[in-house]
2 protein chains.
Amino acid sequence: MSKGGAAIDWRESRRQAARVAILEAAWALVREEGLAALSLRDLARRAGITTPTVYAYFDSKHAIYDAMFGQAAEDFAAHMAVPYDTDDPREVLVAGVGRFVEFCAREFARYQLLFQRTIPGFEPSAESYAPAIRALAGARERLALNGITDPELLDMWTALSTGLVDQQISNDPGGDRWVRLIDDFVDMFVMYCRSPKRVLTRVKKSPSRTKGAPR
Amino acid sequence: MSKGGAAIDWRESRRQAARVAILEAAWALVREEGLAALSLRDLARRAGITTPTVYAYFDSKHAIYDAMFGQAAEDFAAHMAVPYDTDDPREVLVAGVGRFVEFCAREFARYQLLFQRTIPGFEPSAESYAPAIRALAGARERLALNGITDPELLDMWTALSTGLVDQQISNDPGGDRWVRLIDDFVDMFVMYCRSPKRVLTRVKKSPSRTKGAPR
DNA sequence: GTCTATATCCAGATAGAC
DNA sequence: GTCTATCTGGATATAGAC
């Protein structure tokens with residue numbers, strides 16, 4: 001690597017560090033004030049810089065949201081992807097939902113950004129969005145471990161997981177009213193997948209456009 | 001009733017009509033621009049009045065959101081409460097979920113206001129919130145029709161319904177990717193409730209605080 | 001890259017005349 | 001009740017000196 005190259009790398013890493021510092025300030029703010037309440041003025045003050053300086057690192061407020069979305073999606077994919085420490089395929093499903101709700105419940109603003117459409121006019125870029133797709137593929141694999149591959153069952157599974165998370169966060173934040181039902185949910189779902197009635201499956205298809213990260 | 005009383009009624013009904021007109025303008029705006037994008041300036045222009053006049057009818061912006069919440073909750077309760085035209089208890093469940101997703105999918109902004117926490121600092125008043133509780137009681141009754149009364153099963157049911165609605169709206173707005181799975185969901189749920197495994201129930205309890213309308 | 005200073009605009013809310 | 005006019009403060013974003 002050339003001296004010039006190294007200098008460029010150094011500068012670039014400095015720049016990246018500054019970006020990360022700004023994003024950390026942003027997370028702290030939305031944690032306290034709510035996702036929609038983020039303002040560049042507060043953000044700059046929090047990060048110990050001035051508003052114009054923020055624009056040296058991000059083109060716009062939406063660009064900041066997009067970078068935050070990218071971080072969140074990355075964290076989400078990583079959180080879901082750490083190896084599942086069991087040989088029981090059913091336990092892998094249970095643990096997967098557990099991690100899902102754990103991740104979402106930990107930071108409400110992050111959950112809003114990632115899974116709800118709360119910022120008018122904001123849509124994540126394809127790059128920021130990519131890790132969320134990986135995470136969905138992971139869910140598909142955990143189901144396949146249980147011999148469940150039907151796309152309709154995958155859709156039912158995502159709805160199940162989403163509903164559980166949503167109810168837990170909305171109606172019992174910090175509690176375990178729905179979390180403790182995870183085992184029952186998995187029982188119910190697996191039982192249904194294996195039921196004779198389910199064997200007589202009809203096939204349908206329909207296109208879909210997507211809002212928010214897949215789950 | 002006295003002449004004076006009638007005059008007061010008339011004035012009051014005029015006032016109510018004006019309030020409703022403002023709220024209609026508000027709904028039109030949030031439908032087009034998003035719930036969080038509502039501004040009193042645009043609202044006034046849309047309603048054919050000026051900003052200060054809005055304050056003759058509502059104390060603040062939050063009061064407008066609250067009135068909108070009240071309308072939405074009322075509509076929701078009414079929508080869910082119209083008699084179910086079948087004797088089959090299972091079909092009542094199916095129809096109930098169908099109505100739920102239909103109501104939510106019809107207007108995204110209304111769904112956000114009613115079921116998500118997207119406006120920083122806004123919480124509905126107890127009065128506006130009341131109809132939502134009635135709606136939840138309705139769900140409980142539809143389950144009871146099927147011999148399902150366990151509170152934990154009610155929680156599972158609400159999570160199921162919520163998840164289905166959420167996935168449908170977020171990932172296939174205007175489509176039927178999850179709607180067409182309603183029958184399967186009900187099959188799965190009822191089958192689980194009636195399963196022998198479920199008979200050996202353990203009892204637990206935990207308190208809960210609530211955010212958003214119950215569902 | 002970082003600042004001061006400022007542009008431009010919009011927000012929610014109020015004063016006071018009619 | 002409704003208006004004009006205005007207050008106060010916030011927003012995002014940019015110009016230009018250093």
Side-chain angles (χ1 to χ4, degrees), chain A residues 7-26 28-30 32-69 109 113 118-123 125, chain B residues 7-26 28-30 32-69 109 113 118-123 125:
Chain A
I8 286 170
D9 287 351
W10 179 82
R11 240 188 287 212
E12 188 56 30
S13 81
R14 279 269 301 180
R15 187 178 168 78
Q16 277 309 112
R19 279 177 61 100
V20 167
I22 292 174
L23 291 177
E24 260 164 29
L29 272 176
V30 299
E32 292 164 19
E33 312 287 342
L35 184 64
L38 180 66
S39 82
L40 296 186
R41 168 182 302 195
D42 292 350
L43 173 55
R45 181 157 30 137
R46 187 85 175 216
I49 56 180
T50 60
T51 318
T53 303
V54 175
Y55 282 90
Y57 294 96
F58 297 94
D59 286 341
S60 68
K61 192 182 176 179
H62 272 16
I64 295 174
Y65 277 131
D66 194 57
M68 293 172 80
F69 188 102
L113 178 61
T118 182
I119 309 294
F122 168 69
E123 295 225 38
S125 63
Chain B
I8 287 171
D9 286 354
W10 179 82
R11 241 189 285 215
E12 187 55 29
S13 82
R14 281 268 302 180
R15 188 178 166 76
Q16 276 309 110
R19 279 176 62 99
V20 167
I22 292 173
L23 291 177
E24 260 165 27
L29 272 176
V30 299
E32 292 164 19
E33 312 286 341
L35 183 64
L38 179 66
S39 82
L40 296 187
R41 167 181 303 193
D42 293 350
L43 172 56
R45 181 156 30 136
R46 187 83 173 217
I49 55 179
T50 60
T51 319
T53 302
V54 175
Y55 282 90
Y57 294 96
F58 297 95
D59 286 342
S60 68
K61 193 182 175 181
H62 272 16
I64 295 174
Y65 277 131
D66 194 56
M68 294 172 79
F69 189 101
L113 177 61
T118 181
I119 310 293
F122 167 69
E123 294 225 38
S125 63

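Computed from heavy atoms alone, side chains included, the values below leave out hydrogens, waters and symmetry copies. Letters A, B, ... are given to chains in the order of the sequence lines, protein chains preceding strands, and every chain is numbered from 1.
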Quiz item: Bend across the helix from C:dG1-D:dC18 to C:dC18-D:dG1, to 10°, with axes taken over 5 pairs at each end?
Solution: 10°

Quiz item: If you measure from CD1 on B:Ile119 to NZ on B:Lys61, what distance do you get to the nearest 0.5 Å?
Solution: 7.0 Å

Practice problem: Enumerate the residues from residues 49-62 of chain A whose closest heavy atom to DNA chain D is under 4.0 Å, giving them by residue number; use none for an empty result. | Solution: A:Pro52, A:Tyr55, A:Ser60, A:Lys61

Practice problem: Considering only heavy atoms of chain A and a distance under 4.0 Å, specify the first and last nucleotide of DNA chain C in 5' to 3' order that meet this criterion. | Solution: C:dG1 to C:dA5

Quiz item: Can you name the closest pair of heavy atoms from B:Ala67 and B:Arg19 and give their distance?
Solution: CB-NH2, 4.3 Å

Practice problem: Would you indicate what B:Arg11 reaches in the nucleic acid, counting non-hydrogen atoms under 4.0 angstrom: base, sugar-phosphate, or nothing? | Solution: nothing

Quiz item: Which part of the nucleic acid, if any, lies within contact of B:Ile64, taking any heavy atom under 4.0 Å across all strands shown: a base, the sugar-phosphate backbone alone, or nothing?
Solution: nothing

Exercise. Output the residues of residues 39-48 of chain B in contact with DNA chain D, where contact means a heavy atom of the residue under 4.0 Å from an atom of the strand; sort by number or write none.
Key: none

Quiz item: What's the verdict on side-chain contact (heavy atoms from CB on, under 4.5 Å) for B:Thr118 and B:Leu113, showing C-alpha distance, side-chain angles and the deciding distance?
Solution: CA-CA 7 Å; B:Thr118 181; B:Leu113 177 61; over 6 Å; no

Exercise. State which residues pass side chain to side chain donor-acceptor pair (under 3.5 Å) with B:Arg46; sequence neighbours excluded, sorted by chain then number.
Key: B:Glu32

Practice problem: Check step by step if side-chain contact (heavy atoms from CB on, under 4.5 Å) holds for A:Arg11 and A:Arg14. | Solution: CA-CA 5 Å; A:Arg11 240 188 287 212; A:Arg14 279 269 301 180; 5.5 Å; no

Quiz prompt | Set of side chain to side chain donor-acceptor pair (under 3.5 Å) partners for A:Arg45, sequence neighbours left out | solution = A:Asp42

Quiz prompt | side chain to side chain contact (heavy atoms under 4.5 Å, CB included) against B:Glu33, all qualifying residues, sequence neighbours excluded | solution = B:Leu29, B:Ala37

Review item, nucleotides 6-8 of chain D N/O atoms under 3.5 Å of protein N/O:
none

Quiz item: For the residue pair A:Tyr65 and A:Leu38, what are the closest heavy atoms and their distance?
Solution: OH-CB, 3.7 Å

Under 3.5 Å, side-chain donor or acceptor atoms of residues 49-58 of chain A against the rest of the protein: list the pairs with distances, not counting sequence neighbours.
unit_1: A:Thr50; atom_1: OG1; unit_2: A:Thr53; atom_2: OG1; d: 3.2

Exercise. Mind checking side chain to side chain donor-acceptor pair (under 3.5 Å) for B:Arg15 and listing every partner two or more places apart, or none if nothing turns up?
Key: none

